[in-house]
Participant: 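Have a look at this one before I ask anything.
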Protein chains: 2
Amino acid sequence: MEDKLREYEERLSEKNFKLTSQRRLILKTLIENINEHPSAEEIYQLVRKQNPHIGLATVYRSLELLCELGILHELNFDNNCRRYELEQGDKHHHHLICLKCRKIVEFNDDMLKNLEDHIQSQYEFDVVDHRIKFYGYCADCRKAQDK
Amino acid sequence: MEDKLREYEERLSEKNFKLTSQRRLILKTLIENINEHPSAEEIYQLVRKQNPHIGLATVYRSLELLCELGILHELNFDNNCRRYELEQGDKHHHHLICLKCRKIVEFNDDMLKNLEDHIQSQYEFDVVDHRIKFYGYCADCRKAQDK
DNA sequence: TTTTCAGTGGATAAGCGTTTTCAATCATTA
DNA sequence: TAATGATTGAAAACGCTTATCCACTGAAAA
């Protein structure tokens with residue numbers, strides 16, 4: 001935890017930003033909830049438990065800054081709010097979204113390199129990133145359905 | 001055009017909805033701009049050229065209804081608005097999104113069936129749909145950059 | 001030390017896309 | 001014709017996000 005925070009502090013200071021107490025708390029919350037893909041509002045609620053004086057605007061500003069620095073990624077699962085996840089090295093992972101319980105499962109893949117190469121030559125499209133979402137039913141919901 | 005409209009009328013009436021003049025005009029506009037992936041606002045502006053009295057709420061309501069009937073698909077390229085495309089048979093296609101000019105190129109694929117099967121067994125996740133977006137630079141922007 | 005100044009944060013208003021409300025209209029049926 | 005229900009348009013409300021305002025902080029300059 002402290003290691004990660006020090007790393008983030010360095011990445012902030014490279015661009016002359018400071019790891020203020022608010023940013024520290026937001027990052028801490030993101031680390032602690034790394035599998036949750038929380039929305040801004042959810043982060044705000046979590047952060048307020050530890051510092052009730054923090055403002056919603058600060059949360060939004062911090063998330064924006066962290067995204068610009070590449071520390072955080074913005075996700076887009078449903079249409080009415082943005083969700084966030086910490087950057088996790090260069091492991092390319094994508095999401096399985098359960099249509100019933102809305103749970104989000106991550107999965108890693110290396111199978112798409114070929115497809116990228118194909119697109120590159122076929123469409124003259126220079127691929128720099130991709131986002132894949134699979135929709136379906138997770139193990140839990142499938143079991144519940146069988147009952 | 002008229003063929004398609006008749007087909008849509010049938011699909012509406014199956015669920016006891018009517019092809020009103022507003023819905024007809026919206027569908028007509030969607031057919032005419034089938035490669036544009038227009039947003040609700042853009043559809044509204046297009047539709048108003050032919051019927052200046054149509055309301056924005058009607059456009060939103062019609063788009064919602066057409067999505068529910070599967071005639072239309074909601075897309076999610078940028079965060080601040082939804083875009084729409086007519087359902088086009090069972091051709092599974094995805095999108096290449098140019099980061100420079102924001103142009104959206106469609107591409108078809110059959111290469112993902114294997115990946116779905118893999119996910120199915122590995123994660124016990126029952127995949128029913130997937131959405132893939134590749135981000136990069138289109139042929140035009142690549143050429144412009146070379147100059 | 002005092003002053004200055006950029007960076008930051010909190011409260012709140014504003015912005016923007018979307019949804020809801022409500023009265024009016026239209027089509028269909030009795 | 002009267003009644004009923006679906007649909008519409010205008011405007012208000014809504015929810016998430018961004019911008020504005022002013023106060024505070026902490027470091028550099030005078």
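No experiment lies behind these values; they were computed from the predicted model shown. Below, chains carry the letters A, B, ... as their sequence lines are ordered, and counting in each starts from 1.
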Participant: Could you tell me the separation between the NZ atom of Lys18(A) and the P atom of dA27(D), rounded to a whole number of Å?
Facilitator: 7 Å
Participant: Pair Glu10(B), Arg6(B) - check salt bridge (charged side-chain N to carboxylate O under 4.0 Å, His left out), show working.
Facilitator: CA-CA 6 Å; Glu10(B) 186 146 337; Arg6(B) 262 191 294 278; over 6 Å; no
Participant: Leu19(A) CG to dT25(D) C1': how many Å, rounded?
Facilitator: 16 Å
Participant: Between atom CD in Glu41(A) and atom P in dT17(D), what is the gap in whole Å?
Facilitator: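 In whole Å, dT17(D) P lies 9 Å from Glu41(A) CD.
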Participant: Look at the side chain of Gln22(A) and decide which nucleotide, out of dA10(D), dG9(C), dT18(C), has an atom nearest to it.
Facilitator: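 Of the options given, the side chain of Gln22(A) lies nearest dG9(C).
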Participant: Nearest whole Å is fine: how far is dT20(D) P from Leu56(A) CG?
Facilitator: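 Distance, rounded to whole Å: 17 Å.
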Participant: Rounded to whole Å, please give me the gap between OH in Tyr44(B) and P in dC16(C).
Facilitator: 16 Å
Participant: Base, sugar-phosphate or nothing for Glu64(A)? Non-hydrogen atoms, less than 4.0 Å.
Facilitator: nothing
Participant: Using atom CG of Asn16(A) as one end and atom P of dG26(D) as the other, report the distance to the nearest whole Å.
Facilitator: 18 Å
Participant: Would you say dG9(C) has OP1 or OP2 under 4.0 Å from some side-chain N or O of Thr20(A)?
Facilitator: yes
Participant: Look at all strands and tell whether Arg23(B) reaches a base, only sugar-phosphate, or nothing, counting heavy atoms closer than 4.0 Å.
Facilitator: sugar-phosphate
Participant: Do Gln22(B) and His53(B) have a side chain donor and acceptor closer than 3.5 Å?
Facilitator: no
Participant: Shortest non-hydrogen contact from His37(A) to Glu42(A)?
Facilitator: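 For His37(A) versus Glu42(A), the nearest heavy atoms are O-OE1, 4.4 Å.
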Participant: On a plain distance test, is the side chain of Arg61(A) in donor-acceptor contact with the base of dG7(C) below 3.5 Å?
Facilitator: no
Participant: Does dT8(D) have its OP1 or OP2 closer than 4.0 Å to a side-chain nitrogen or oxygen of Thr58(B)?
Facilitator: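 Checking Thr58(B) against dT8(D): no side-chain N or O falls below 4.0 Å of OP1 or OP2.
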Participant: Indicate, with yes or no, if the rings of Phe134(B) and Phe107(B) have centres closer together than 6.0 Å.
Facilitator: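 Between Phe107(B) and Phe134(B), which both carry aromatic rings, the centre distance is below 6.0 Å.
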Participant: What verdict does the side chain to side chain contact (heavy atoms under 4.5 Å, CB included) test give for Thr58(B) and Val47(B), after you've listed the backbone C-alpha separation in whole Å, the side-chain angles of each residue and the deciding distance to 0.1 Å?
Facilitator: CA-CA 11 Å; Thr58(B) 301; Val47(B) 155; over 6 Å; no
Participant: Between Ile54(B) and Tyr60(A), which has a closest nucleotide on DNA chain D that is more 5'?
Facilitator: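 Closest to the 5' end, via its nearest nucleotide, is Ile54(B).
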Participant: Rounded to the nearest Å, what distance is computed from the CG atom of residue Leu65(B) to the P atom of nucleotide dA6(D)?
Facilitator: 13 Å
Participant: Let's see if you can work this out: which of dT7(D), dT18(D), dG10(C) has an atom nearest to the side-chain heavy atoms of Phe17(B)?
Facilitator: dT7(D)
Participant: Whole angstrom is fine here: how far is it from CZ in Arg48(B) over to P in dG9(D)?
Facilitator: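 Checked: the CZ to P distance equals 12 Å.
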